Amino acid sequence: MTAKKDTFADEVNNRLGEFFGNADTSDAPSQGTNLSPQKDSVLFDLKAIVLSIEWEISHETMTRLIAETDRLMKIYRDNQVVHSLLKLLDSVGRYINAKKATAHPDSIKLLHSIHANLQKVATSETITESQSKQILSTEIAKFKNLKQQLLTKAQPPPLTDKQPAAKPKTAPIQMAATVKKPQTPVSARELSATAAATPDMIGPPKDPVLQAIDELKTLIQAEFKSLREELKQLRQ
Amino acid sequence: MALINPKTKEVQVKLVYYGPGRGGKTTNLEYIYNRYQDRMTTKLTTVKTYGDRTLFFDFLPLEIGAIGGYNIKMQLYTVPGQVKYQATRRLVLRGVDGVVFVADSMALREKMNAHSLKDLQENLATFDKSIFKIPLVIQYNKRDLAKEGIPLLSTEKLENILNRQLKVPSFPASALTGENVVETMKKAISLTVSSLQEKLSLKQG
């Protein structure tokens with residue numbers, strides 16, 4: 001019996017060995033090892049904080065981030081590109097600190113992107129000045145884009161009878177003319193709540209956008225109801 | 001219990017990656033998928049929620065070939081780790097054959113790991129399964145963060161907190177760099193498939 005069991009276990013292990021090969025991780029991506037700051041580097045603590053944020057957005061980590069960017073801005077005040085990247089990092093950090101888990105998902109991505117490029121610009125010996133400036137302008141563009149997205153989300157567009165000029169990729173430019181279809185129940189709720197806060201901007205009760213939001217709400221409620229029922233049945 | 005089709009000589013085995021939120025379960029599957037995608041016929045399916053977290057589950061089918069005359073089809077799942085998705089976690093565990101518990105090595109996650117393991121035990125119990133009997137492997141993830149100056153729990157301490165009673169195979173790992181990701185999965189598959197074979201032999205007398 002034991003011999004049979006061992007033979008089977010050997011067969012399983014051989015098959016897994018054949019399929020996955022040697023599970024050594026020598027080819028594992030060593031992300032940014034070359035540019036990774038050494039322990040004595042001025043950027044070492046910043047990287048530790050940014051990595052902590054990846055896993056836990058707490059008030060403590062965000063406060064540390066803001067304090068660290070503040071400290072580094074003083075150190076890099078003569079390096080315009082690094083200083084500006086730090087300023088961007090500081091602004092995004094303050095926004096995430098204020099919003100915590102409800103912060104726009106792109107803000108975390110932007111934080112990592114700014115940090116990665118900051119590290120690149122500050123530590124790479126081969127990067128040229130024009131390349132550094134190009135990196136900075138890309139990050140500024142991303143920052144502006146996020147800001148615009150947040151503004152669009154915060155301000156409900158005046159509702160008209162016209163069909164929405166739905167071009168998500170080119171939006172948001174003319175907020176007044178664009179009515180974006182809410183993508184998630186959260187944004188629908190937000191949009192509806194903001195609209196309720198500004199009654200003078202609300203259209204007639206049968207406005208197509210409000211109707212669509214109501215329909216979406218009903219649909220979600222119905223979905224949840226049926227899911228709850230299914231769960232109840234499964235438990236019984 | 002695994003789905004066995006004696007006609008087509010196929011066995012479908014369900015392996016679930018369980019653990020606290022933001023622990024690296026999805027990153028484990030992403031690493032496996034990226035590394036072996038040339039041998040996979042289906043894509044990794046992930047449903048993300050606001051903020052890039054797993055809302056329902058990730059699903060990665062994996063055909064590892066014939067063992068004991070049967071074609072083994074692995075189905076790797078992750079559960080959403082956040083506390084509020086308790087019902088989804090339970091649903092994903094339905095019919096589970098083996099579990100990889102992905103623990104977070106960060107010092108500040110000590111309690112979360114213990115809660116999640118307890119949660120796993122309770123959810124398995126709802127399907128009349130015991131955490132002490134199910135094929136289980138523990139992974140201590142994020143070991144790479146040590147060199148970034150982030151305080152981590154030592155593997156000894158993690159063993160003491162999570163594996164003192166279970167005494168199951170465990171691996172220090174980094175889902176981000178791939179360290180021990182494949183080893184963890186291989187061990188879990190090996191334990192699960194062997195356990196299934198054992199159960200089947202017992203049934204057949």
Side-chain angles (χ1 to χ4, degrees), chain A residues 1 4-31 33 36-39 44-45 47-52 54-58 60-61 100-109 183-187 227-228 230-231 234-235, chain B residues 21-24 31-32 34-36 39 48-53 62-69 72 74 82 87-88 90-91 94 104 106 108-109 112 126 142 144-145 147-151 173-174 176-187 189-194 196-198 201:
Chain A
M1 177 71 187
K4 200 179 167 187
K5 198 175 152 186
D6 287 346
T7 321
F8 184 78
D10 286 345
E11 196 184 342
V12 174
N13 290 332
N14 288 341
R15 182 79 277 270
L16 291 174
E18 275 170 34
F19 187 85
F20 295 110
N22 254 343
D24 72 284
T25 51
S26 49
D27 63 336
S30 51
Q31 292 177 342
T33 7
S36 209
Q38 298 300 307
K39 273 202 172 179
F44 184 80
D45 285 347
K47 185 165 186 193
I49 297 165
V50 169
L51 280 166
S52 301
E54 170 65 15
W55 302 109
E56 188 89 69
I57 305 170
S58 66
E60 191 203 334
T61 8
K100 300 278 180 345
T102 57
H104 194 290
D106 287 352
S107 61
I108 310 284
K109 284 179 197 160
Q183 288 178 334
T184 64
V186 178
S187 41
L227 269 174
R228 270 196 293 270
E230 254 179 65
L231 279 172
L234 283 170
R235 278 187 197 132
Chain B
R22 291 305 240 178
Y31 179 83
I32 294 162
N34 289 333
R35 188 160 167 184
Y36 298 105
R39 290 169 226 185
K48 302 268 192 191
T49 180
Y50 200 76
D52 269 4
R53 295 190 178 194
L62 201 65
E63 268 190 61
I64 54 172
I67 299 171
I72 309 288
M74 295 301 303
Q82 286 74 50
T88 315
R90 206 170 286 171
L91 273 179
R94 179 177 283 274
D104 190 327
M106 284 170 75
L108 53 89
R109 292 299 184 97
M112 295 282 284
T126 61
K142 303 187 194 173
D144 58 303
L145 292 183
K147 38 177 203 290
E148 311 294 350
I150 293 174
S174 164
L176 209 62
T177 64
E179 182 199 342
N180 276 339
V181 167
V182 179
E183 283 299 349
T184 308
M185 179 190 51
K186 276 171 76 175
K187 190 72 191 173
I189 295 177
S190 166
L191 285 180
T192 309
V193 174
S194 300
L196 281 173
Q197 199 262 350
E198 212 173 307
S201 341

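The chains referred to below are lettered A, B, ... by the order of the sequence lines, with proteins before strands, and numbering in each begins at 1. Note that this is a predicted model, so its numbers are computed, not measured. Hydrogens, waters and symmetry mates play no part in the numbers below; they use all other heavy atoms, side chains included.
For A/E18, the salt bridge (Lys or Arg N to Asp or Glu O under 4.0 Å) partners are A/R15, not counting sequence neighbours.
By the 4.5 Å heavy-atom criterion applied to side chains, A/F20 and B/M185 are counted as neighbours.
Interface summary for chain A: among B/N34, B/L191, B/L62, the most heavy-atom pairs under 4.5 angstrom belong to B/L62.
Going from atom CG of A/L16 over to atom CD1 of B/I67 covers 5.5 Å, rounded to the nearest 0.5 Å. A distance of 7.0 Å separates OG in B/S194 from CG in A/N13, rounded to the nearest 0.5 Å.
The two residues A/V12 and B/S190 make their nearest non-hydrogen contact at CG1-CA, 3.7 Å. The shortest heavy-atom contact between A/F19 and B/E63 is CE1-O, 3.2 Å.
Contact of B/I72 with chain A is not made at all, since no heavy-atom distance falls under 4.5 Å. B/L91 touches chain A through its side chain: at least one heavy atom from C-beta onward sits under 4.5 Å away, while N, CA, C and O do not.
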